[in-house]
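Only one structure is covered here, and it is reproduced in the block below.
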Amino acid sequence: MKTSNVLVLILVLFYINASTEWPTHTVCKEDNLEIYYKSCDPQQDFAFSIDRCSDITTHTFNIRGAMLLRHDIKELYLKFNLIINGKTVLTYSETLCEPGLSKLIFCGKKKGEHVYYEGPVTLGIKEIPQGDYTVSAKLTNEDHATVACADFTVKNYLDY
């Protein structure tokens with residue numbers, strides 16, 4: 001009997017260690033617009049939400065995000081890709097934190113600290129064309145370590 005318990009424990013631990021994918025989280029699902037995300041960092045998931053899908057294309061909307069830092073943030077870089085049908089159609093990068101330039105309130109935070117942001121965001125887009133899109137976003141620090149990484153799926157069934 002003890003041998004079978006040990007075997008079950010080993011199989012459970014193997015399954016937990018073998019699985020490096022995080023669950024897909026629903027950001028919002030309203031009318032004809034759906035947004036989901038999944039962390040692409042095999043070591044860490046994070047929390048993200050918005051008030052309403054419908055606010056995205058009409059005006060400024062509020063977001064909330066939280067995570068526990070695995071790396072210091074002296075410098076922080078964003079790399080953003082828009083992928084349609086498996087092909088990258090837009091690449092954007094921006095420096096968010098560096099000495100003398102801090103665009104975010106959590107610039108300078110240390111490993112192990114909790115990061116929480118709640119506030120307004122304006123994307124500056126008037127509409128999301130009909131279709132399915134993947135938006136890949138990755139934040140890295142000065143050591144090129146991944147601070148956060150996510151793949152967002154955006155599905156718009158009708159034009160606004």
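The model shown is predicted, which means the values in this text are computed figures rather than measured ones.
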### Task
Show the numbers, then the answer: is there a side-chain contact (heavy atoms from CB on, under 4.5 Å) between Val121 and Ile50?
CA-CA 10 Å; Val121 172; Ile50 65 173; over 6 Å; no
### Validation row: Val115, Tyr117 side chains within 4.5 angstrom (heavy atoms)
no
### Query
Would you call Tyr157 and Glu34 a side-chain contact if the rule is heavy atoms closer than 4.5 Å?
yes
[X], [Y]: one ILVMFWY side-chain cluster at the under-4.5 Å cut-off?
X     : Y      : answer
Phe46 : Phe80  : yes
Val27 : Ile83  : no
Leu69 : Tyr116 : no

### Message
Is it the case that over 12 heavy atoms from other parts of the model lie below 6.0 angstrom from the NE2 atom of His144?
### Response
no
### Atom NZ of Lys38 with >12 non-hydrogen neighbours under 6.0 angstrom
yes
### Query
Only one of Leu90, Thr88, Thr91, Thr134 clears side chain to side chain contact (heavy atoms under 4.5 Å, CB included) with Leu82; which?
Leu90
### Task
Check Asp72, Thr140, Leu78, Leu76 against Val147 for a side chain to side chain contact (heavy atoms under 4.5 Å, CB included) and give me the one that passes.
Leu76
### Query
side-chain contact (heavy atoms from CB on, under 4.5 Å) between Asp132 and Thr153: does it pass, once the steps are laid out?
CA-CA 7 Å; Asp132 291 357; Thr153 300; 5.7 Å; no
#### Entry: Phe152 and Tyr37 aromatic ring geometry - parallel, tilted or perpendicular at 30°/60° bounds
tilted
Can you name the closest pair of heavy atoms from [X] and [Y] and give their distance?
X      : Y      : answer
Cys40  : Ala150 : SG-N, 3.3 Å
Cys107 : Leu96  : SG-O, 3.7 Å
Thr146 : Lys138 : OG1-CE, 3.1 Å
Phe106 : Lys109 : O-CG, 3.0 Å

### Task
Please lay out, stage by stage, how Lys29 and Tyr36 fare under the test side-chain contact (heavy atoms from CB on, under 4.5 Å).
CA-CA 9 Å; Lys29 186 175 182 179; Tyr36 306 93; 3.8 Å; yes
Enter the distance from [X]:[atom1] to [Y]:[atom2] here, rounded to the nearest 0.5 Å.
X      : Y      : atom1 : atom2 : result
Asp41  : Trp22  : CG    : CH2   : 8.5 Å
Lys74  : Asp143 : NZ    : CG    : 7.0 Å
Lys155 : Ile35  : NZ    : CD1   : 12.0 Å
Gln43  : Cys149 : CD    : SG    : 12.0 Å
Leu68  : Asp45  : CG    : CG    : 12.5 Å
Lys87  : Asn81  : NZ    : CG    : 15.5 Å

### Thr60 side-chain N/O to Thr122 backbone N/O, donor-acceptor pair under 3.5 Å
no
#### Entry: Short side-chain to backbone donor-acceptor contact, Gln130 and Asn156, under 3.5 Å
no
### Task
Kindly determine whether Arg64 and Asp51 satisfy side-chain contact (heavy atoms from CB on, under 4.5 Å), including the steps that lead there.
CA-CA 9 Å; Arg64 285 166 299 287; Asp51 289 341; 2.9 Å; yes
